[in-house]
Amino acid sequence: MIANVIVDVASQNTNRPFDYEIPEKFEGIVQPGVRVIVPFGPRKILGYVISLSETSSFSSVKKITDVLDVIPTLTEELLHLGKWLSNYTLSYYISCLQVMLPQVMKAKYRKELWKLTDEPLQSALDAVFDGRGVMDFEEFEQSGVSYHVLRKHMNEGEVDVHYEVKSRETKKLKPMVAPALSPIEMEEKLEDLSPQARKQRAIVEYFLQQPDPLEKKLLLDKLQTTSAALKPLVEQNVIKEYKQEVFRDPYGGREFKRTTPFALTEEQETAIQPILSRIENQQHDVFLLHGVTGSGKTEVYMQSIQQVLDNGEEAIMLVPEIALTPQMVERFKGRFGSKVAVLHSALSAGEKYDEWRKIQRREVQVVVGARSAIFAPFTNIGLIIIDEEHETSYKQEDRTRYHARDVAVQRAKTHNCPVVLGSATPSLETYARAVKGNYQLLTLSKRMNEAVMPEVELVDMREELHSGNRSMFSIPLKEKIEERLARKEQIVLFLNRRGYSTFVMCRDCGHVSECPHCDIALTFHKRQNRLKCHYCSHEEPMPEKCPECESKTIRYFGTGTQKVEEALQELIPEARIIRMDVDTTRKKGAHERLLTQFGEGKADILLGTQMIAKGLDFGNVTLVGVLAADAMLNLPDFRASEKTFQLLTQVSGRAGRHEKSGEVVVQTYTPEHYSIELASTYDYEQFFQEEMKLRKAFRYPPYYYLTLFTISHPNQLKAEEATRKITMFMQQKLSQQAYVLGPTPSALARINNRYRYQCMVKYKKEPEQRKFVERILHYYEDEMKQENGLQITVDFQPYQLM
DNA sequence: AGCACGCCGACT
DNA sequence: GTCGGCGTGCTC
């Protein structure tokens, strides 16, 4: 039998199966989806068996060296999905297979030098071995001994280069004990035991009471004894000791309050019926659940999942990384208990692996996770939910550039199951499809508990400035904050930091400190008093005086959360503030701890960035303030308005979710902008209409699809030239209906000393496009191999345009 | 990707 | 001659 293997070498030439003979001892074990170690040239590498065949068209095939899995790591479905993904993102098959798996399943390679003789080597190499039989190949390379010497020894058969492949995964094992004999034999043994052996007696008696295996430590604790008493029993084969894999449980030992399904409102009932019917009939369909914040989308999700579980099927629920808060996990664990696995980036590599294995071993039926959880190795999927469907984090922005929504639809089609996309502010793409009838639109227009959407007040910061208020807090916001403080209610202040980083500028000559390798201003980090670049690793001390004009008036500008916190504290000294940003939440568990503190009322004001916009649900929050609503509006991104509308709506949704009604203050320099105005009246429909007009006029999605080429090279002319060639080629090949724009310097024109140019394609239908792109990539293959050569990335349906 | 092989110039 | 550097082509 022959195994067709995709090897762990990401390159154009190896992007196809290689054939290997299956040794007799592995017959029946080697099957599609299994990971194997195979000889590849002089080395040994990891590979994935994708299929089996009787014969090979190759004259000589090597044998599989080793098999790593008993259960296939990838199901047949995932193997196919990987192939599809590779086609759809134009990336290597092997990269697609790897993107579906936890990081630890990637192979670790080691290259060693083995000494095969006991005699000393007649060269300097002997000293490098220093009496050892094995050493790291790197040691040899650093020793300065020449390759010719090595070659000579290898020809003499005295040393050999040894390649090793290791799996990174580590399984945690715990010692277990269980009876090794039948109860009757145990009874007999009990009589044989000497009367002095009281503890041994106790152990045997224990297992006569209950013969189930249990953790060794637990048994010894229970019977108040030590291994000393167990040992003779093990030696006499009465008790057996063995190790069992334990799963690291990131939520281990925590009690989750059981929750039971709520009675659905009429609206929820209407929305859930079509979903349930598709689940029942095993029918594929895509639903858009458009529900205002606080309308109870989660309850609809959970009851749909319950239906799936009752049918003996499995469910995947995606949530944006940032919304994967403890509150969210709690709700799911509370409802579905141990049936849930959680996958997100805050877990350690080992924890992620264990959660993944729980899925693989069918120990759970529900997965709640961020983007990559869409690849959960379930075999019987009955429902896929994508919450906050408009979130850009569902798009992977590097290497295998996929959108989880597309993968979800792909998987749902193979499993004949529905997909539910949920959002209060759907992406234009999705809503347009719902309007067209491609997706089924389900609407929840009312909040639960009869709560109303909070009143939004727009404050024109230009007027504030004119009336002499130069601080970042408007008079109305300050007054409302004080009001809440007096009433012992809580406040959430949201700072949209994007485009507002703290940069350093000289007040005399206007000099701005920039990164020497990237075309971007350096960011000031107060704690270390240093300037850092956010795109490369460059950093430097904060200058004492301006490097240009030597003036001492060099200062930092912009509005970081830290600075806002200081200003706020100065303005309202009695306020207790919790600041949440990347700095204060870096440590593990910090995020959760800060939220818990806020929830317990240990602070009055929660001040933070994007990360507080989602999923927070605190009853005592009655005021939400947005400090700079238009911060994002001027970014070079055709989705800027959409993102602003979404963000304002999400943030407003944090207020007045329970009995107490809420209020929102939005500070802006452009209150007349439609995205801000319409967000203040919660008018999604109107916003959609306005935005669609612009998208149509400027030929952007959802009217057109986009393809973005980003080409970079240390030499600016080379980058531009290559981009020009690519642009012309695409212009030539694509139809008249496509628009090919370029070469354009990227909004980030230089990163890490590489100049970046772009070519953008806007098109409606170009079935052959991928073929042309492949040709381009093939054409530049050699130039892309070099370390300082050309770099070309292609993104179909890009979200990040910079 | 990472390795061997082979060609070429520099140096004992 | 011998050594090391780098371009080329292959891996079942």
Side-chain angles (χ1 to χ4, degrees), chain A residues 1-24 26-27 30-32 34-68 79 86 90-99 103 105-114 122-125 136-138 140-155 157 159-166 168 398-400 777-793:
Chain A
M1 277 300 266
I2 299 294
N4 313 117
V5 176
I6 295 294
V7 293
D8 181 16
V9 177
S11 85
Q12 197 88 245
N13 297 332
T14 52
N15 194 24
R16 61 199 163 80
F18 284 74
D19 292 350
Y20 290 91
E21 193 186 316
I22 303 171
E24 215 169 306
F26 294 139
E27 259 173 48
V30 173
Q31 44 183 310
V34 156
R35 292 174 306 155
V36 290
I37 292 168
V38 290
F40 196 66
R43 13 175 216 156
K44 283 194 170 63
I45 56 171
L46 185 117
Y48 294 85
V49 176
I50 56 159
S51 52
L52 303 182
S53 54
E54 299 278 330
T55 56
S56 170
S57 54
F58 274 84
S59 48
S60 81
V61 291
K62 294 183 180 175
K63 280 190 176 131
I64 288 174
T65 307
D66 211 347
V67 183
L68 293 183
L79 287 172
S86 123
L90 281 195
S91 35
Y92 304 125
Y93 195 2
I94 185 69
S95 314
C96 293
L97 296 181
Q98 276 164 353
V99 85
Q103 277 296 308
M105 305 204 66
K106 272 204 188 169
K108 219 159 62 179
Y109 296 102
R110 256 188 54 187
K111 193 177 173 185
E112 294 168 335
L113 203 55
W114 287 21
Q122 299 303 315
S123 77
L125 191 58
D136 230 73
F137 195 79
E138 223 170 277
F140 159 74
E141 283 180 311
Q142 274 160 20
S143 70
V145 177
S146 79
Y147 278 84
H148 288 88
V149 171
L150 177 66
R151 174 69 51 80
K152 210 178 289 164
H153 287 304
M154 283 172 72
N155 288 340
V159 298
D160 195 15
V161 179
H162 181 85
Y163 297 90
E164 211 181 35
V165 191
K166 262 189 158 164
R168 287 167 205 259
D398 58 343
R399 286 179 294 279
T400 310
L777 294 177
H778 192 254
Y779 177 81
Y780 285 109
E781 199 186 327
D782 289 348
E783 284 182 65
M784 287 168 63
K785 266 189 199 161
Q786 295 150 31
E787 173 104 12
N788 259 333
L790 209 57
Q791 222 178 64
I792 303 176
T793 62

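Chain identifiers are assigned alphabetically (A, B, ...) following the order of the sequence lines, protein sequences preceding nucleic acid strands; residue numbering begins at 1 within each chain. These numbers were taken from a predicted model, which means no experiment stands behind them.
Partners of A:Ser123 under the side chain to side chain donor-acceptor pair (under 3.5 Å) rule, at least two apart in sequence or in another chain, are A:His153. In this view, A:Glu21 satisfies the salt bridge (charged side-chain N to carboxylate O under 4.0 Å, His left out) rule with no residue, not counting sequence neighbours. Checked against side chain to side chain contact (heavy atoms under 4.5 Å, CB included), A:Asp782 has the following partners two or more places apart in sequence or in another chain: A:Lys785.
With rounding to whole Å, A:Ile37 atom CD1 is found 17 Å from C:dC12 atom C1'. Between A:Phe58 atom CZ and C:dC10 atom P the separation is 12 Å, expressed in whole Å. What separates CD1 of A:Ile2 from P of C:dC12 is a distance of 13 Å, to the nearest Å.
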Full working for ring pair (Phe, Tyr, Trp, His ring centres under 6.0 Å) between A:Tyr147 and A:Phe140: CA-CA 9 Å; A:Tyr147 278 84; A:Phe140 159 74; 5.5 Å; yes
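At a non-hydrogen distance threshold of 4.0 Å, A:Ser11 from residues 11-23 of chain A come into contact with DNA chain B.
A:Ser60 comes within 4.0 angstrom of sugar-phosphate atoms only, judged by non-hydrogen atoms across all strands, and of no base. Residue contacts shown for A:Tyr109 are absent, as no nucleic acid heavy atom lies under 4.0 Å away. Within 4.0 Å of A:Lys111, counting heavy atoms only, lie sugar-phosphate atoms of the nucleic acid but no base atom. Within the nucleic acid shown, A:Val9 comes within 4.0 Å of at least one base atom, counting heavy atoms only.
Running 5' to 3' along DNA chain B, contacts with non-hydrogen atoms of chain A at under 4.0 Å begin and end at B:dA1 to B:dC3.
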Using atom names, set out every protein N or O paired with an N or O of nucleotides 2-9 of chain C below 3.5 Å, distance rounded to 0.1 Å.
| residue | atom | partner | partner atom | Å |
| --- | --- | --- | --- | --- |
| C:dG4 | OP2 | A:His148 | ND1 | 3.4 |

